[in-house]
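Since the structure comes first, as structure tokens, the remarks are kept for the end.
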Amino acid sequence: MEIKKGRNSDYLLQANRSLVLQILARSNVCTRARIAEETGLKQATITNIITEMIQLGVVREVGIVEGRRGRRSIGIELAAEKIQVIAVKLGHISYSVGLFDLKGRMISVKEGRFQSGENPEVALSKIKEEVWDLLNKDQGKIHGIGIAVPGPFLKKEGTIALMTQFPGWDSLNLNKEFLKEFPVPVYIEHGANAGALAEWRYGKYRRNQGVLVNFLAGEGIGAGIVADGQVFGGSRGIAGEVGHISLDIHGEKCDCGNRGCMELYCSALSFVKNTRNILPDYPESCLNQIDHFTHLDIFKGADKGDALCIKMVKQAGFYIGCGIAAVVNIYDPDVIVISDAMSKGGALLLTEIKKTVKERILDVLYEKIIIDYTDFSVNQILYGAAVVAIDQLLGDIKELLQN
């Protein structure tokens, strides 16, 4: 039997503060009346919270604005530029480090690539150096660091169980590597989950309730699930590891030990690898003119009518569609957002994905679900890493103010 714990008044006060800050974080300018309406809290409670936040310098008044009923009220906004977070995206072959304000606006970003066969410890040192560079330039504004990592990520243990095409990461404890390295709090999350939070807060299909899945199809394949604003990570943090669902039980053996994993068929790396393997059979393909073609070159070739490129885009769409169909049956989402490298596949890829999903789920499910590409113009996972840190800070005013 589950033991239920009560909530004391301090907890409720903290929850109310967090709720108010989250509303301000996703709004330009609010009024006290609007915040009271959205939260369901009494006007007096909102006034007390806002007064406290103004005194602490987190919130400020910005003059008179017109309310929903035509009443003129004092506007309130988050002093977002005073509090910043560092966001880190760790990829299979690359990394990004960005600086964001408390509203999730990107201030700067720097990207780098790992060398083939590079030692994971060396790769980590590059990331740490970039983070320290931002911290040393900071004048007390940076209050947290969000780090998005590939999966399967065992959150409690702090380890990446497997990094396909980049061995050695399973021997590193990222909690030990990062949590005590820096003078501000560090929050580590699976990249797909981080991206899902970014979509939930700021994406085209942003929501307040329901289920949103971020189907991450980049250097690997994964799915981040957010239900009613909370990440669903499972008991060990690896829920959504759809990249290792078997699409062919007799297929190629994956590094995870399974056979025919989805990641072997439609990740960006496999997409390029599989195309290169059959390129000799297509001497007329435009890809023969490119020494080191990428997934983007294949997409461009398909747009121009290249037979090989069209074949491979449709094939990738089929396999991604099979994976999404499984996700629909498992998580029953309202929205599935396709993100990362393969989200650049255009209409041909998306059409094939939807066609495959429609063939493999009940009509009543397909009619209600939204399947679309992300509309993030910046790196969604990096943005999500920032949201991970921002959400933690907004959820705990003590963390927000202690540095």
Greater than 12 external heavy atoms within 6.0 Å of E129's CD: no
Quick check: do I74 and T31 have side-chain heavy atoms less than 4.5 Å from each other? no
For F293, is the NZ or CZ atom of R276 found under 6.0 angstrom from the centre of its six-membered ring and inside 45 degrees of the ring axis? yes
For a quick test of reading the model, state the closest non-hydrogen atom pair linking L134 to S108 and the distance between them. CD2-OG, 4.3 Å
Could you check Q22 against S18 for side-chain hydrogen bond (donor to acceptor under 3.5 Å, both in side chains), going step by step and ending with a plain yes or no? CA-CA 6 Å; Q22 287 170 2; S18 175; 3.2 Å; yes
Is K128 paired with E177 through a side-chain N to carboxylate O contact shorter than 4.0 Å? yes
Rounded distance [0.5 Å steps], CG in L19 versus CG in L41: 6.5 Å
Surrounding NZ of K253 (heavy atoms of other residues, nucleotides or ligands, distance under 6.0 Å), is the total greater than 12? no
How close do R360 and C322 get, heavy atom to heavy atom, and via which atoms? NE-SG, 3.8 Å
Going from CD1 on I83 to NZ on K103, what distance comes out if it is rounded to the nearest 0.5 angstrom? 12.5 Å
Got V335 and I371 here, is their nearest side-chain heavy-atom distance under 4.5 Å? no
Please round to the nearest 0.5 Å and tell me the distance separating atom CD1 of I221 and atom SG of C266. 4.0 Å
Please tell me whether S339 and N214 have a donor and an acceptor in their side chains that are separated by less than 3.5 angstrom. yes
Check whether more than 12 heavy atoms from other residues, nucleotides or ligands sit under 6.0 Å from atom NZ of K354, and answer yes or no. yes
Could you tell me whether W200 and Y205 have their ring centroids closer than 6.0 angstrom? no
N258 side-chain N/O to H244 backbone N/O, donor-acceptor pair under 3.5 Å: yes
Under the 3.5 angstrom rule, does the side chain of N379 hit a backbone N or O of V109 as a donor-acceptor pair? no
With ring pair (Phe, Tyr, Trp, His ring centres under 6.0 Å) as the test, would you mind laying out the steps for F271 and F299 before giving the verdict? CA-CA 11 Å; F271 181 53; F299 292 146; 5.3 Å; yes
Roughly how far, to the nearest 0.5 Å, is OG of S96 from CD1 of I381? 9.0 Å
Are E38 and R34 within salt-bridge range, i.e. N to O under 4.0 Å? yes
Is the closest basic N to carboxylate O distance between R113 and E219 below 4.0 Å? no
Look at K314 together with E352 and state whether they make a salt bridge at an N to O cut-off of under 4.0 Å. no
Is there a side-chain contact between K89 and E111 (heavy atoms, below 4.5 Å)? no
Is it true that the side chains of T47 and Q43 contain a donor and an acceptor less than 3.5 Å apart? no
Shortest non-hydrogen contact from V226 toward A196: CG2-CB, 3.5 Å
With rounding to the nearest 0.5 Å, note down the distance linking CD1 in I147 to CG in L382. 11.5 Å
Any ion pair linking R60 and E77 (charged N to carboxylate O, less than 4.0 Å)? yes
Judged by modelled atom types alone, do Y265 and N274 share a side-chain donor-acceptor pair under 3.5 Å? no
Go through D306 and S285 one step at a time and tell me if the side-chain hydrogen bond (donor to acceptor under 3.5 Å, both in side chains) criterion holds. CA-CA 6 Å; D306 185 281; S285 174; 3.2 Å; yes
Compare all side-chain heavy atoms of L212 with those of D334 and state whether any distance is below 4.5 angstrom. no
Do E199 and T374 have a side chain donor and acceptor closer than 3.5 Å? yes
Report, as yes or no, whether the 6.0 Å neighbourhood of atom CG on D228 holds more than 12 heavy atoms from other residues, nucleotides or ligands. yes
Determine the minimum heavy-atom distance between H292 and D297, stating which atoms define it. O-OD2, 4.4 Å
Side-chain ion pair, E189 and K155, N-O less than 4.0 Å: yes
Closest heavy-atom pair and its distance - C256, C261: SG-SG, 3.6 Å
Approximate separation, where rounding is to 0.5 Å, of K176 NZ and T159 OG1: 11.0 Å
Proximity of F215 and Y373 rings by center, below 6.0 Å: no
Using 4.0 Å as the upper bound for N to carboxylate O, is an ion pair formed by D391 and R201? yes
Do the ring planes of W132 and F182 sit parallel (below 30°), tilted (30 to 60°) or perpendicular (above 60°)? tilted
Any side-chain heavy atom of R32 sitting closer than 4.5 Å to one from I50? yes
Do the charged groups of R259 and D248 touch, with an N to O distance under 4.0 Å? no
